[in-house]
Protein chains: 2
Amino acid sequence: MLANMALQDEEAVGMTALDTRATTRPRRRAADVPPVDKVAARRSELAAAALKTLSELGYARTSLREIAQNSEFSHGVLHYYFRDKVDLITYCVREYNAQCVTRYDGVVATAATPEELAEGFLRKLGETLVDDAPLHRLWYDLRNQSMFEPAFHDDVAAIDRSLERMIWRIVSRYAELTGRTPLTGPAALYAVVDGLFQQALLRQLAGDPAAADDLRTAVGQLLPALLRPT
Amino acid sequence: MLANMALQDEEAVGMTALDTRATTRPRRRAADVPPVDKVAARRSELAAAALKTLSELGYARTSLREIAQNSEFSHGVLHYYFRDKVDLITYCVREYNAQCVTRYDGVVATAATPEELAEGFLRKLGETLVDDAPLHRLWYDLRNQSMFEPAFHDDVAAIDRSLERMIWRIVSRYAELTGRTPLTGPAALYAVVDGLFQQALLRQLAGDPAAADDLRTAVGQLLPALLRPT
DNA sequence: GGAAAGTCTTGACACTCGTCAAGACGGGTG
DNA sequence: CACCCGTCTTGACGAGTGTCAAGACTTTCC
């Protein structure tokens, strides 16, 4: 069994809480495979299948059996690696976050002029709008679920804050490069950019081929307006 | 039966398509009750129960039986007045829209100075954030569903456009009163305000008592920045 | 080798879902 | 009165849901 490794209260299998399991050394003597455990790998694998299914069908229409069918396992295994549906989706949301928040870090680090930063940011913004559209609509779906389902709230709020910081890093660096300061705080700035992105996503998924271009134009136009006039 | 009144193709009951039924005169000779029909009233009544249920539970967790339980009828009657679940929810979305788009019209019409307009707009914005929070989260939920379910797309897009026009009326009038012009088009303006409102809604529903105040502050701060500098 | 532990499948459970058909009820009209 | 028609309830159907237990298969350990 997996359950008796670390948790005594949890009645079920290896849980999310023991993501920090790397501390308890596995008793395998040598290290033919990385000791980070196959469990984490399986869980990641199943979470990937879940993310794929969720981003295609949306939260309301996604069932555990459908997720399992998008993996190479049967539906029972999901309850071996996750306590229940909420636990699985929470895990998915965390994985989504990890792949998201570093998207613009390269641009922020390398840009030497405000124009270069803006151009790099807009390019990546438009790219992810068309390339990762299903994933983004899933994020908005799950964030909305958190307004109804308190079980999701904490994880969703944490991710939203990390996205807020991501936007803040971009805009405050942009302001720095222009020698000015942002007009508002991180929350409002994020809300503005997120609103523009969400509207562009709606149009993108409706088949509007100009969605990405218009998003770039709008954000590019608004970016200077979000700085305090000198 | 209700079906044979106007539609021959529709296999079921009195449908949404015959909202314009007032043209075909009912064969009741006199007019003891308004000829606008009890049917439309019932449908409105059921839609109200559906809106209440949806705004409490969200799309994913709302069933027809639960809706019926929030009305004074049994679950079967829903299929007497609506073809199916999609038809019912579509009808609900339209009713929501009707009550929404006129919210700021009074302020826009009466305000004589930009400060008066801004102050009236921000007041009503904050009011509806706290008073109609469940309804607003439902709107965002359904708009997200339209990214997965094509059946919802057309109605949702139409409402989003009407909200866009609503915001445009406010901001363009605000610009007019200040003798300036909006920095961007209606779509981007709406996206910005909507993003701020959505973020405030998340905080409001999470119990943050400062959500409305912060929303008013942020929008009030951004409103002048969204006009072209003279 | 055999025993134990870990992993995965299968099949069932107790529900809930949307939909629909059969019929009950009630108020007008012949 | 009986009849009809619009309205509404009841109960069922098949399909799909999350969850879990029993066991089969695989790997690891002594």
Side-chain angles (χ1 to χ4, degrees), chain A residues 1-6 10-14 18 21 26-33 35 37-43 45-46 49-50 53-54 57-69 71-90 149 151, chain B residues 1-6 10-15 18 21 26-30 32-33 35 37-43 45-46 49-50 53-54 57-69 71-90 149 151:
Chain A
M1 278 295 286
L2 235 172
N4 52 4
M5 293 187 59
E10 303 292 346
E11 67 285 76
V13 278
L18 91 193
R21 181 188 348 79
R27 56 233 192 279
R28 201 195 288 109
R29 73 289 291 290
D32 46 353
V33 294
D37 265 42
K38 282 180 63 175
V39 174
R42 267 282 176 283
R43 237 194 303 226
E45 196 178 346
L46 293 171
T53 312
L54 282 162
L57 302 180
Y59 175 81
R61 284 162 291 278
T62 294
S63 70
L64 294 180
R65 281 170 174 82
E66 194 78 28
I67 292 174
Q69 228 157 6
S71 79
E72 50 178 338
F73 303 101
S74 68
H75 68 273
V77 83
L78 287 169
H79 279 89
Y80 184 73
Y81 287 101
F82 299 95
R83 195 188 313 110
D84 54 16
K85 199 182 181 184
V86 171
D87 187 40
L88 166 60
I89 292 184
T90 298
E149 179 93 50
Chain B
M1 281 293 286
L2 234 172
N4 51 5
M5 292 186 60
E10 303 293 346
E11 66 285 76
V13 279
M15 287 299 87
L18 92 193
R21 181 188 349 79
R27 56 231 193 278
R28 201 196 290 107
R29 74 287 292 293
D32 47 351
V33 294
D37 265 41
K38 281 180 63 175
V39 174
R42 259 303 120 76
R43 238 195 302 227
E45 196 178 347
L46 292 171
T53 313
L54 282 162
L57 302 180
Y59 175 82
R61 284 161 292 276
T62 295
S63 69
L64 294 179
R65 283 172 173 83
E66 194 79 27
I67 292 173
Q69 228 157 4
S71 79
E72 50 177 337
F73 302 100
S74 67
H75 68 274
V77 82
L78 287 170
H79 279 89
Y80 185 74
Y81 287 101
F82 299 95
R83 193 188 312 111
D84 54 16
K85 199 184 181 184
V86 171
D87 188 39
L88 166 61
I89 292 185
T90 298
E149 180 93 48

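We name chains A, B, ... by the order of the sequence lines, and we start the count at 1 in each one. Quick note: numbers below take in every heavy atom, side chains included, and nothing from hydrogens, waters or symmetry partners.
In this structure, A:F82 places its CZ atom 14 Å from P of C:dT7, rounding to the nearest Å. Rounded to a whole Å, the OH atom of A:Y81 is 12 Å from the P atom of C:dG6. In this structure, CZ of A:F73 is placed 18 Å from P of D:dC25, rounded to the nearest angstrom. In this structure, B:E66 atom CD and C:dC17 atom P are separated by 7 Å, rounded to whole Å. As a whole-Å value, the separation of B:R61 CZ from D:dG16 C1' is 18 Å. Taking atom CG of A:D84 as the reference point, atom P of D:dG18 lies 11 Å away to the nearest angstrom. Rounded to an integer number of Å, the gap from B:L88 CG to C:dC17 C1' is 15 Å. Atom CG of B:L78 and atom P of C:dC17 are 13 Å apart (whole Å).
Put simply, the side chain of A:I67 does not reach to within 4.5 Å of the side chain of A:L46, judged on heavy atoms. The shortest side-chain heavy-atom distance between A:R42 and A:Y80 does not fall under the 4.5 Å cut-off. Between A:R61 and A:E66 there is no side-chain heavy-atom pair separated by less than 4.5 Å.
Residue A:Y80 places none of its side-chain N or O atoms closer than 4.0 Å to OP1 or OP2 of C:dC8. Residue A:R42 places at least one side-chain N or O closer than 4.0 Å to OP1 or OP2 of C:dC8.
Using a 4.0 Å heavy-atom cutoff across all strands shown, A:S71 reaches no nucleic acid atom at all.
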Atom pairs under 3.5 Å, N or O on each side, protein against nucleotides 10-16 of chain C: can you list them with distances?
| unit_1 | atom_1 | unit_2 | atom_2 | d |
| --- | --- | --- | --- | --- |
| C:dG11 | O6 | A:H75 | NE2 | 2.8 |
| C:dA12 | N6 | A:R65 | NH2 | 2.8 |

* To do: Any chance you could lay out the side-chain contact (heavy atoms from CB on, under 4.5 Å) test for A:T53 and A:Q69, step after step, and finish with the verdict?
  => CA-CA 9 Å; A:T53 312; A:Q69 228 157 6; over 6 Å; no
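Residues A:S71 and A:A49 approach most closely at CB-CB, 3.7 Å, considering heavy atoms. Considering every non-hydrogen atom in both A:Y81 and A:R43, the closest pair reads O-NH1, 3.3 Å.
When B:L88, B:V77, B:L64 are each tested for a side chain to side chain contact (heavy atoms under 4.5 Å, CB included) with B:F82, only one passes: B:L88.
Residue A:H79 places its side chain closer to D:dC20 than to any other of D:dT7, D:dC20, C:dT19.
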